[in-house]
Amino acid sequence: MLSSVDFDTLVLTFKVAGIATLIMLLLGTPLAWWLARTHSSWKGMVNAVVALPLVLPPTVLGFYLLVLMGPSGVIGKFTSWLGLGTLPFTFSGLIIASVLYSLPFVVQPLQTAFAMIGAQPLEAAATLRASPLDSFFSVVVPLAKPGFLTAAILGFTHTIGEFGVVLMVGGNIPDKTRVVSVQIYNHVEALEYSEAHVLAGCLLLFSFSVLLILYSLQKSPALAQPPK
Amino acid sequence: MFKKSSLFLTLVLLFASPAGLAATTLVAVAANFSKPMKEIAAEFEKATGHIATLSFGSSGKFVSQLENGAPFDLLLSADEVGPIKLERDGFAVAGSRYTYALGKLVLWSAIPGYVDDQGKVLITGGFKHLALADPKLAPYGAAGLEVLKGLNVQDALQPLLVQGENIAQTYQFISTGNAELGFVALSQVYENGKIATGSGWIIPAERHAPIKQSAVLMIHGAENPAAVALLTYLKSAPALAIIKKYGYGQ
């Protein structure tokens, strides 16, 4: 069954995914809102940058981060200047890498959800003298609930499944950067197939259950479309 | 009549190449041996007319693939664990396994003058990260750990260890400066008989168990003349000279 070391990697993985998802929702919401409403000529550029991790091989992203966050990289110099040291091989570095890697999975569903709401409900709220912030929280957020749910679940599960990026910037440190995908890979490489099977089984079961819940909820008409 | 003779000619051209019986062999090569093996394959082709097609990767992955029917004729592993297992489980030709090179370990830093030629830096410390290939997966990692144990610094340095999945990744950690120093294969930093950049301590062989990089002939390649010839060629003087040039022992 699960050894305590393997159990620790599961706990760490959920911690990374949870924190990263929170940060992605906080960053992704304003970003998606802006992308859904703006007519700025920067829109295409920002969209492309956010979507890059979808198409780049994770090891490429990981290698860039390793170089950028390293002592001679731009980010590394900045964090050293702040007195934080460099980020590779740390829990914070892993969170930053995960956020960048999974951000499109959070931004894109939110952007679609915001775009579907359209301008009308907001104009109606404005005629009732609701402040922009008030109308965002009392009109947009409830209407975009399915989008938030999809964004959170995809961001979380995608972070759990990440491998290439962690492999590059993690350094395989127990309780800090050794996540479950790396542990499974190591078991396979060490020809410890039974341990790999148990851990992989846990991951498969979890990911499937979450996706099943997500798509079952989406089928119910109340969540599938924002009320008209 | 004309048709028949042209068919015959085609067959002759197909099967009778200049070297008599030129064949092609597919070889799985441990990533750390890629540079010397490319050179050896080129020489092998010149000498015999046979062609060796090389595939580079981690030994552990190759073993899993070979157990599941990967069509390689030869495995040049980074250790002897995989070849022993393949031989025992009947995937490789019994008795064909031998050590083609002894891996040399180096404590290396990308910073010139950082590592002294006695490795005293491991005792004086002052660094934040020491990179090492995962000792469970990579023989060079296991050897590095042995060196730390021998110097009695393993417990003190344990919190500073960062592990690469293989020595190529470990090299990356060090070359990008994210780890100040670490253990890699000498072949990764060796050029023209010396360490090409940065600074390093070439670890004396008696400080760790020998890293026996072993080759084995797969059942799949037992009947392939090119595979058999390559296994013989690896033991020839020109091949041994190339292996030595890249910082391996014999």
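Because the structure is a prediction, the values reported are computed rather than measured. Note on naming: letters A, B, ... go to the chains in the order of the sequence lines (proteins, then strands), and numbering restarts at 1 for each one.
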Spatial distance of atom CZ (A:F89) from atom CG (B:L160) [nearest 0.5 Å]: 12.0 Å
Atom NZ of B:K120: over 12 foreign heavy atoms under 6.0 Å: no
Neighbour count >12 (heavy atoms, 6.0 Å) for atom CD, B:E223: no
Interface residues of residues 154-177 of chain A facing chain B - heavy atom cut-off under 4.5 Å: A:L167, A:M168, A:G171, A:N172, A:I173
Within 6.0 Å of OH in A:Y193, more than 12 heavy atoms from elsewhere: yes
Between B:N178, B:T176, B:V162, the one whose heavy-atom pairs under 4.5 Å with chain A are most numerous: B:N178
Heavy atoms from other residues, nucleotides or ligands near NZ of B:K61 exceed 12 (cutoff 6.0 Å): yes
Segment of B:L161 engaging chain A (4.5 angstrom heavy-atom cut-off): backbone
Nearest-0.5 Å distance that lies between atom CD in A:E192 and atom CG in B:L137: 8.5 Å
Residues of residues 61-74 of chain A within contact distance of chain B, non-hydrogen under 4.5 Å: A:F63, A:L66, A:V67, A:M69, A:G70, A:P71, A:S72
Distance, nearest 0.5 Å, that separates NZ of B:K128 from OG1 of A:T86: 5.0 Å
Close side-chain approach of A:P88 and B:F173, heavy atoms under 4.5 Å: no
